[in-house]
There are 2 protein chains.
Amino acid sequence: MKIGELAKRCGLSAHTLRYYERIGLLPYADRDRSGQRDYDASILDWLEFLRRLKTTGMPIRDMLRYAQMRADGDETFSERGALLRKHRERVRTHLADLEACLRSLDKKIAFYGKAKQRTDADDGLHEHEDEDTAPRPGA
Amino acid sequence: MKIGELAKRCGLSAHTLRYYERIGLLPYADRDRSGQRDYDASILDWLEFLRRLKTTGMPIRDMLRYAQMRADGDETFSERGALLRKHRERVRTHLADLEACLRSLDKKIAFYGKAKQRTDADDGLHEHEDEDTAPRPGA
DNA sequence: CCTTGACTTAGAGCGCACTCGAAGCCCTAG
DNA sequence: CTAGGGCTTCGAGTGCGCTCTAAGTCAAGG
């Protein structure tokens with residue numbers, strides 16, 4: 001598979017795939033006689049794994065650490081596990097925060113829905129103090 | 001309340017608070033006779049609202065749109081509601097993606113736990129689905 | 001009085017993760 | 001034979017969201 005097709009399949013641009021290889025997030029791809037990258041389909045699994053790390057907010061430098069550890073072999077096994085567990089904790093925390101934000105957003109939208117696009121939105125306040133301040137939990 | 005205290009209370013730096021004012025995310029704060037900003041505690045509500053938008057991934061330019069609409073008054077009421085509903089949809093989608101990523105991460109971590117820090121972790125036998133990873137970077 | 005520290009401004013600089021451009025090579029279809 | 005499209009390299013450029021600097025003002029404490 002050439003880079004164009006891989007790009008289509010994984011959803012990243014060819015530019016980005018080359019960039020990932022340059023920084024070490026992707027292994028150096030074999031080149032055909034004319035120097036073009038020739039990928040094995042298995043690379044898609046790694047790219048999907050990277051996508052999940054990225055989606056969950058892991059910075060590239062940490063993915064790089066993981067990739068490097070992997071390249072370093074078995075002796076880094078438990079360290080890799082630890083990295084992932086630590087990351088999972090951050091993800092869980094973030095997820096909880098997001099859910100709380102979503103509930104606040106729901107409340108605010110409910111307010112917008114109820115208050116019938118009229119002045120009463122401003123339940124008194126003006127300027128920068130209206131309903132936006134929302135019913136806050138704590139603080 | 002002066003900017004230093006507001007910074008402490010809201011968790012942003014004074015630099016960032018001034019930056020927010022500059023770009024229009026915070027209203028122009030009243031200055032005391034010596035030119036220093038003097039905040040009302042109510043600004044904390046707005047900052048908390050902004051924090052939630054930020055946490056849920058809204059870019060500053062969209063928060064700015066919202067802030068501008070609010071400043072424009074009641075005629076933008078339904079538009080603001082629409083903006084928030086649209087944002088909520090994106091948040092829900094993202095949340096679902098995150099949860100899926102978290103489940104994959106759980107599986108992978110389970111794999112790391114089971115495979116008792118031995119070779120079999122890497123090389124070839126990653127359950128087709130657990131060890132989505134396969135490369136040897138660098139090179 | 002004088003120092004300390006928090007504040008003011010406009011603007012420059014930074015880290016991240018891409019994203020693009022330029023110049024050139026190779027293969028294929030017309 | 002030639003044009004087109006996709007590929008190559010690598011360095012420069014982009015957009016975001018801060019983050020910091022420099023030079024200066026001001027109020028309080030020793």
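Everything quoted here is computed from the prediction, not taken from an experiment. So you know, we letter chains A, B, ... as the sequences are listed, proteins then strands, and number each from 1.
Nucleotide D:dC7 holds its P atom 13 Å from the CZ atom of A:R31, rounded to whole Å. What separates CG of A:L53 from P of C:dA17 is a distance of 12 Å, to the nearest Å. If you measure from atom CG of B:D32 to atom P of D:dC26, you get 11 Å, rounded to the nearest angstrom. Distance A:R51 CZ to C:dC18 P: 13 Å, rounded to the nearest Å. For the pair A:D62 CG and C:dC16 P, the computed distance is 10 Å after rounding to whole Å. Computed from coordinates, the A:L50 CG to C:dC18 P distance equals 10 Å when rounded to whole Å. In this structure, the CG atom of A:L17 is 12 Å from the P atom of C:dT19, given to the nearest Å. Rounded to whole angstrom, the span from the CG atom of B:D38 across to the P atom of D:dC26 amounts to 17 Å.
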Scan nucleotides 4-7 of chain C against the protein and return all N/O pairs shorter than 3.5 Å with their distances rounded to 0.1 Å.
residue, atom, partner, partner atom, Å
C:dC7, OP1, B:G4, N, 2.7

Tabulated below should be each protein N or O lying under 3.5 Å from an N or O of nucleotides 13-22 of chain D; please produce it.
residue, atom, partner, partner atom, Å
D:dC16, OP1, B:R61, NE, 3.2
D:dC16, OP1, B:R61, NH2, 3.0
D:dG17, OP1, B:I60, N, 3.2
D:dG17, OP2, B:I60, N, 3.4
D:dC18, OP1, B:K54, NZ, 3.1
D:dC18, OP2, B:Y20, OH, 2.8

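Phosphate proximity of C:dC25 to A:R33: absent, as no side-chain N or O sits under 4.0 Å from OP1 or OP2.
Taking the side-chain hydrogen bond (donor to acceptor under 3.5 Å, both in side chains) definition, one finds that B:D38 meets it with nothing, sequence neighbours left out. Under the side chain to side chain contact (heavy atoms under 4.5 Å, CB included) criterion, B:R22 pairs with B:Y19, not counting sequence neighbours. Partners of A:R103 by side-chain hydrogen bond (donor to acceptor under 3.5 Å, both in side chains), not counting sequence neighbours: none found. With sequence neighbours left out, B:E89 forms a side-chain hydrogen bond (donor to acceptor under 3.5 Å, both in side chains) with B:R92. For A:D40, the side chain to side chain contact (heavy atoms under 4.5 Å, CB included) partners two or more places apart in sequence, or in a different chain, are A:S42. Under the side chain to side chain contact (heavy atoms under 4.5 Å, CB included) criterion, A:D32 pairs with A:S34, A:Q36, not counting sequence neighbours. Residues satisfying the side chain to side chain contact (heavy atoms under 4.5 Å, CB included) test with B:T16, not counting sequence neighbours, are B:L12, B:S13, B:Y20. Not counting sequence neighbours, the partners of B:E5 by the salt bridge (charged side-chain N to carboxylate O under 4.0 Å, His left out) test are B:R9. The side-chain hydrogen bond (donor to acceptor under 3.5 Å, both in side chains) test applied to A:R31 returns A:E21, not counting sequence neighbours.
Relative ring orientation between A:Y66 and A:W46 is described as parallel, the plane-to-plane angle staying below 30° on a 0-90° scale split at 30° and 60°.
When the local axes at the two ends of the helix from C:dC1-D:dG30 to C:dG30-D:dC1 are compared, using 5 base pairs at each end, they differ in direction by 10° after rounding to 10°.
No hydrogens or angles considered: nothing links the side chains of B:T56 and B:R52 as a donor-acceptor pair under 3.5 Å.
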